[in-house]
Number of protein chains: 2
Amino acid sequence: MSKSAKRTYSAYSSDAMHLLGATIRAERKTKKMSQQELAERAGVARSVIQRVEKGDMTCGVGIVFEVAHIVGIPLFSAEPSRLAHHIRQVEDKLTLLPKTIHKKKKVINDDF
Amino acid sequence: MSKSAKRTYSAYSSDAMHLLGATIRAERKTKKMSQQELAERAGVARSVIQRVEKGDMTCGVGIVFEVAHIVGIPLFSAEPSRLAHHIRQVEDKLTLLPKTIHKKKKVINDDF
DNA sequence: TCTATACGACCTCTATATCAGTCATTACTT
DNA sequence: AAGTAATGACTGATATAGAGGTCGTATAGA
């Protein structure tokens with residue numbers, strides 16, 4: 001966004017992040033960890049943990065994933081050992097798809 | 001991370017983002033969308049789409065979620081309508097948990 | 001009760017993510 | 001085979017995320 005035009009997000013994305021943040025907070029408390037402790041484990045400032053738990057969309061995705069992982073939240077409902085397998089699956093699929101997408105006609109159905 | 005101490009991520013987080021990026025690319029192609037088109041729909045620069053599809057951990061979580069949603073990838077394997085429900089569930093759970101987490105005294109095992 | 005501390009809400013500063021381009025190469029479409 | 005569009009890999013400028021702190025309040029434990 002060039003100027004100070006604030007970025008907008010769909011309700012779905014906002015809700016998803018809100019849910020993730022609340023889940024992280026719940027799991028942290030369940031595991032009896034303080035924000036400070038979680039911050040140290042993740043290697044980030046406490047202020048960042050606060051933003052993550054509030055569902056701030058501007059946090060780095062790597063930080064959010066890392067924090068979620070530390071408190072034991074599975075990403076994509078996949079166990080660690082299955083991720084590599086899924087990656088291979090998707091990459092196999094990618095080799096079957098065209099390398100570039102050329103638009104010729106209208107094909108896309110907008111669902112907004 | 002004050003200086004140029006590069007942030008590190010666990011293999012699980014890296015794999016998860018790698019998988020997400022590859023899945024986004026695959027879904028974009030399946031839907032016959034170009035990077036440019038996806039960028040415009042998401043309201044970001046094309047270079048950001050490239051980084052997202054490469055699994056760059058430093059992308060904003062909001063941008064990644066938004067892009068994933070546009071190409072039709074469900075977050076947390078939850079349908080849009082279920083998210084609000086899950087949010088309430090977690091927030092109910094939160095009210096039952098302590099507001100602050102005080103570290104209990106170190107359990108002393110100084111018997112060596 | 002009393003007290004150490006976890007938390008929320010701020011702040012400033014610096015590193016960097018994002019934007020908006022360019023260019024060369026590749027790969028679709030006709 | 002030619003033409004055109006898509007992609008990958010860059011760039012510089014600028015907005016902003018994250019670091020690291022402060023302060024006041026609230027809370028869990030003793």
Side-chain angles (χ1 to χ4, degrees), chain A residues 1-9 17 21-22 24-26 28-67 94-108, chain B residues 1-9 17 21-22 24-26 28-67 94-108:
Chain A
M1 295 271 132
S2 36
K3 293 230 139 181
S4 49
K6 215 131 243 165
R7 190 185 298 287
T8 62
Y9 302 96
M17 187 55 202
I24 286 171
R25 169 164 296 186
R28 170 177 66 78
K29 291 187 172 180
T30 299
K31 300 212 160 49
K32 307 230 185 303
M33 242 184 277
S34 68
Q35 290 180 343
Q36 183 62 44
E37 206 184 327
L38 179 53
E40 283 165 10
R41 281 224 226 169
V44 301
R46 186 172 69 95
S47 55
V48 175
I49 298 295
Q50 293 187 70
R51 286 172 47 224
V52 169
E53 291 189 352
K54 275 210 278 200
D56 191 323
M57 303 291 267
T58 69
C59 298
V61 65
I63 290 176
V64 174
F65 279 17
E66 196 72 16
V67 169
L94 269 171
T95 63
L96 301 176
L97 288 165
K99 296 208 166 58
T100 68
I101 303 296
H102 286 246
K103 311 245 38 140
K104 50 200 268 190
K105 287 258 186 160
K106 228 222 117 131
V107 186
I108 315 135
Chain B
M1 300 272 138
S2 35
K3 292 229 138 193
S4 50
K6 208 155 270 176
R7 189 185 297 287
T8 61
Y9 301 96
M17 186 54 202
I24 286 171
R25 170 164 294 187
R28 172 178 64 80
K29 290 188 173 182
T30 299
K31 300 212 162 46
K32 308 225 186 305
M33 244 183 277
S34 67
Q35 291 180 344
Q36 182 62 45
E37 206 185 328
L38 179 53
E40 283 164 9
R41 284 223 222 171
V44 301
R46 187 172 68 92
S47 55
V48 174
I49 298 295
Q50 294 187 69
R51 286 173 47 228
V52 169
E53 291 190 351
K54 276 210 275 201
D56 191 323
M57 303 290 268
T58 69
C59 298
V61 65
I63 290 177
V64 174
F65 279 16
E66 196 71 15
V67 169
L94 270 172
T95 64
L96 301 177
L97 288 165
K99 294 205 167 61
T100 68
I101 303 295
H102 287 246
K103 302 279 4 164
K104 39 189 51 175
K105 285 273 215 295
K106 196 146 63 148
V107 180
I108 315 158

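Each chain gets a letter, A, B and so on, in the order the sequences are listed, and its residues count up from 1.
If you measure from atom NZ of A/K29 to atom P of D/dA26, you get 15 Å, rounded to the nearest angstrom. Whole-Å rounding puts the A/K99 NZ to C/dT29 C1' distance at 16 Å. As a whole-Å value, the separation of A/M33 CE from C/dC7 C1' is 16 Å. Note: CE (B/M57) to C1' (C/dT18) measures 19 Å, nearest angstrom. Remark: P of D/dA19 and CG of A/L38 are 12 Å apart, rounded to the nearest angstrom. One interatomic measurement links the two molecules: NZ of A/K54 to P of D/dG18, which rounds to 14 Å at whole-angstrom precision. What separates NZ of A/K32 from P of C/dA6 is a distance of 14 Å, to the nearest Å. Following rounding to the nearest Å, B/D56 (CG) and C/dA17 (P) show an atom-to-atom distance of 7 Å.
Of the candidate nucleotides D/dA19, C/dT18, D/dA6, D/dA19 has the atom lying nearest to any side-chain atom of A/S47. Among D/dA9, D/dG20, C/dT18, the nucleotide with an atom closest to any side-chain atom of B/V48 is C/dT18. You'll find that the side chain of B/R28 is closest to D/dT7, out of C/dT18, D/dT7, C/dC28.
Annotation: side chain of A/R28 is in contact with side chain of B/I101 (closest heavy-atom distance under 4.5 Å). Residues A/V44 and A/E66 have side chains not in contact (no heavy-atom distance under 4.5 Å, counting atoms from C-beta outward).
When the shell of 6.0 Å around NZ of B/K99 is examined, it contains 12 or fewer heavy atoms from other residues, nucleotides or ligands.
For the OP1/OP2 pair of C/dC10 and a distance below 4.0 Å, the side-chain nitrogens and oxygens of A/R51 include no atom meeting the criterion. Look at B/Q35 and you'll find a side-chain N or O under 4.0 angstrom from OP1 or OP2 of D/dG8. Checking the phosphate oxygens (OP1, OP2) of C/dA15, no side-chain nitrogen or oxygen of B/K6 falls inside 4.0 Å. The side chain of B/R7 places no N or O atom within less than 4.0 Å of a non-bridging phosphate oxygen (OP1 or OP2) of D/dA17. Contact between the side-chain N/O atoms of B/R46 and the OP1/OP2 oxygens of C/dA20 is not found at any separation under 4.0 Å.
Closest-nucleotide positions on DNA chain D for B/S34 and A/A45 were compared, and the one nearer the 5' end corresponds to B/S34. Nearest-nucleotide positions on DNA chain C place A/E53 closer to the 5' end than the other of A/E53 and A/L97. Between A/T100 and B/Q50, the one whose closest nucleotide on DNA chain C sits nearer the 5' end is B/Q50.
Neither side chain, A/R7 nor A/T58, offers a donor N or O lying under 3.5 Å from an acceptor on the other.
Side-chain N or O atoms of A/R46 include none that pairs as donor or acceptor with a backbone N or O of A/Q36 at under 3.5 Å.
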